[in-house]
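Below, chains carry the letters A, B, ... as their sequence lines are ordered, and counting in each starts from 1.
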Protein chains: 2
Amino acid sequence: MSAAPKVTNRKALILSEATHLFAANGFNGTPVRIIARQCGVTEAAIYRHYDSKEHLYEEVIRNKAAQHDIDGQLAAQGQDAGVEEMLTQVAEYILSFAKTDPELLQLMANSTRGNDPAAAVLFQEVRLPFIRFIQAELTRRIDAGQVRPVDPFITARCFVGMVMDCAMSIGVWQMLNETTIKSRDVICNNMPIFARGLEMRPVS
Amino acid sequence: MSAAPKVTNRKALILSEATHLFAANGFNGTPVRIIARQCGVTEAAIYRHYDSKEHLYEEVIRNKAAQHDIDGQLAAQGQDAGVEEMLTQVAEYILSFAKTDPELLQLMANSTRGNDPAAAVLFQEVRLPFIRFIQAELTRRIDAGQVRPVDPFITARCFVGMVMDCAMSIGVWQMLNETTIKSRDVICNNMPIFARGLEMRPVS
DNA sequence: AGCCCAAGTCAACGCTCACTTACTCACGAA
DNA sequence: TTCGTGAGTAAGTGAGCGTTGACTTGGGCT
């Protein structure tokens with residue numbers, strides 16, 4: 001009723017609701033009016049906290065990316081794992097977003113186009129960490145003679161692209177009534193292929 | 001000057017200009033007014049030919065998909081090629097779109113989200129043919145004992161996803177001032193990895 | 001007590017959107 | 001010659017958009 005009912009963090013609420021709506025309907029598909037209604041406030045209240053709709057969107061993206069300490073999570077992995085194990089852990093991490101944070105994947109799917117200025121942030125903060133990690137791990141193993149002398153960057157970029165595409169396009173696939181594929185099946189099927197193709201000596 | 005200056009196919013012109021604009025700016029980012037201006041006609045003229053903006057968009061998608069006889073193109077390949085050669089040809093075909101028909105890739109990138117009803121058409125008409133082809137080729141080779149007993153559908157889906165992602169995200173990458181990767185380098189680097197991982201006997 | 005200010009509200013503004021209406025005109029067939 | 005029709009136009013329509021300005025309210029500081 002009153003104008004300032006509680007000092008609860010309204011700004012955080014707006015950011016949260018905006019995240020849900022932007023993820024579900026995209027930037028152009030989400031009017032400020034709807035965000036406001038979802039928060040139980042007026043549009044003007046939103047502009048009290050955020051300069052513009054674009055700034056709010058960028059904040060949503062930045063906040064979403066910051067929620068995951070990807071570098072830290074990746075660095076915690078064992079240094080002495082085999083290639084397959086390493087790739088498996090990365091793929092499991094990416095695919096786990098489908099359950100732990102589907103909004104992140106939706107936002108990424110919406111931002112595949114170059115036009116979106118926030119796309120750069122998502123690529124930089126989410127994709128690149130994975131790629132850099134794999135790149136480094138591959139380089140180390142190539143130098144150690146465990147992995148064939150492939151281009152580590154290209155390999156990492158394509159590997160991450162494959163897993164990301166798999167995670168992002170789930171929605172479209174089940175819209176087509178195609179068989180839904182489980183993450184575990186993808187990993188069990190594809191990681192050995194990649195690892196076998198990369199390793200210096202054929203496994204078994 | 002006159003109302004009907006020429007009987008040249010105005011409908012085709014509208015479809016063509018709409019394709020350019022939708023590809024460049026997406027559905028929501030392309031007002032009918034702009035399409036009309038680009039064609040040198042009024043909005044009403046467009047509605048004379050297309051019931052609604054959505055119908056026009058769907059027609060754009062359908063027309064774009066129909067421009068490529070993907071099934072035919074794939075079927076023309078040699079049946080006795082090795083796995084690596086087969087995958088290479090498919091990847092080359094997909095990556096060639098970046099030069100022969102970049103609009104197709106842009107439209108696909110815009111339609112990764114499930115909301116877009118046209119996304120289904122693009123998946124069905126563009127992605128699926130590639131996947132089904134690889135799936136069939138893999139199945140044949142698995143039965144012949146040339147390829148290890150992987151899941152042909154999952155493998156094909158992920159392979160196509162990898163190549164598509166590579167083709168679609170080129171725009172974002174060069175916006176980040178990252179090194180631009182050439183299609184040939186991707187193929188030279190990745191096809192042997194995949195093939196080596198798939199083939200029954202390790203290659204050399 | 002008095003006052004400031006963050007955080008709201010309401011009501012609009014100016015603009016753009018997809019789409020419509022009423023009308024015009026060239027042109028080919030009867 | 002007349003007339004119907006397809007293809008176009010100018011000029012809207014109401015709805016919805018992002019954004020703003022003037023005003024209100026209530027908690028915390030002096």
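- Taking atom OH of residue B:Tyr47 and atom P of nucleotide C:dT20, one finds them 8 Å apart after rounding to whole Å.
- Where B:Glu43 and B:Gly40 each meet DNA chain D at their nearest nucleotide, the meeting point lying more 5' is that of B:Gly40.
- As a whole-Å value, the separation of A:Lys53 NZ from D:dT19 P is 8 Å.
- The distance from atom CG of B:Leu21 to atom P of C:dC17 is 12 Å, rounded to the nearest whole Å.
- B:Thr155 and A:Asn190 form no side-chain donor-acceptor contact under 3.5 Å, judged by distance and modelled atom types alone.
- Rounded to an integer number of Å, the gap from CG of B:Asn9 to C1' of D:dG6 is 13 Å.
- Salt-bridge annotation for A:Asp101 and A:Lys64: present, with a side-chain N of the basic residue lying under 4.0 Å from a carboxylate O of the acidic one.
- Residues B:Ile14 and A:Asp51 each lie close to DNA chain D; by heavy-atom proximity, the contact nearer the 5' end of the strand is made by B:Ile14.
- Minimum atom distance to the side chain of A:Ala44 is reached by D:dT20, of the listed D:dT19, D:dT20, C:dT21.
- At D:dG6, none of the side-chain N or O atoms of B:Arg48 fall inside 4.0 Å of OP1 or OP2 (strictly under the cut-off).
- Proximity of the aromatic rings of A:Phe130 and A:Tyr93 is defined here by a centroid distance below 6.0 angstrom, and this criterion is met.
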Distance-only criterion, 3.5 Å: show the donor-acceptor pairs between side-chain atoms of residues 160-176 of chain B and protein atoms not counting sequence neighbours.
| from | atom 1 | to | atom 2 | distance (Å) |
| --- | --- | --- | --- | --- |
| B:Asp165 | OD1 | A:Arg127 | NH1 | 3.1 |
| B:Asp165 | OD2 | A:Arg127 | NH1 | 3.4 |
| B:Asp165 | OD2 | A:Arg127 | NH2 | 2.8 |
| B:Ser169 | OG | B:Asp165 | O | 2.6 |
| B:Ser169 | OG | B:Trp173 | NE1 | 3.4 |

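- We find that CG of A:Asn25 is positioned 16 Å from P of D:dG16, with the value rounded to whole Å.
- The distance from atom CZ of A:Arg10 to atom C1' of D:dG26 is 14 Å, rounded to the nearest whole Å.
- One donor-acceptor pair, N or O on each side, does fall under 3.5 Å between the base of D:dG18 and the side chain of A:Arg33.
- Look at OH on B:Tyr50: it is 20 Å from C1' on C:dT20, rounded to the nearest Å.
- Side-chain N/O atoms of B:Thr42 include one lying less than 4.0 angstrom from OP1 or OP2 on D:dT9.
- Of the possible polar contacts, one joining the B:Lys53 side chain to the B:Thr30 backbone as a donor-acceptor pair under 3.5 Å is found.
- When rounded to the nearest whole Å, the span between CD1 of A:Ile35 and P of D:dG16 equals 17 Å.
- For the pair A:His49 and C:dG8, the criterion of a side-chain N or O lying under 4.0 Å from OP1 or OP2 is met.
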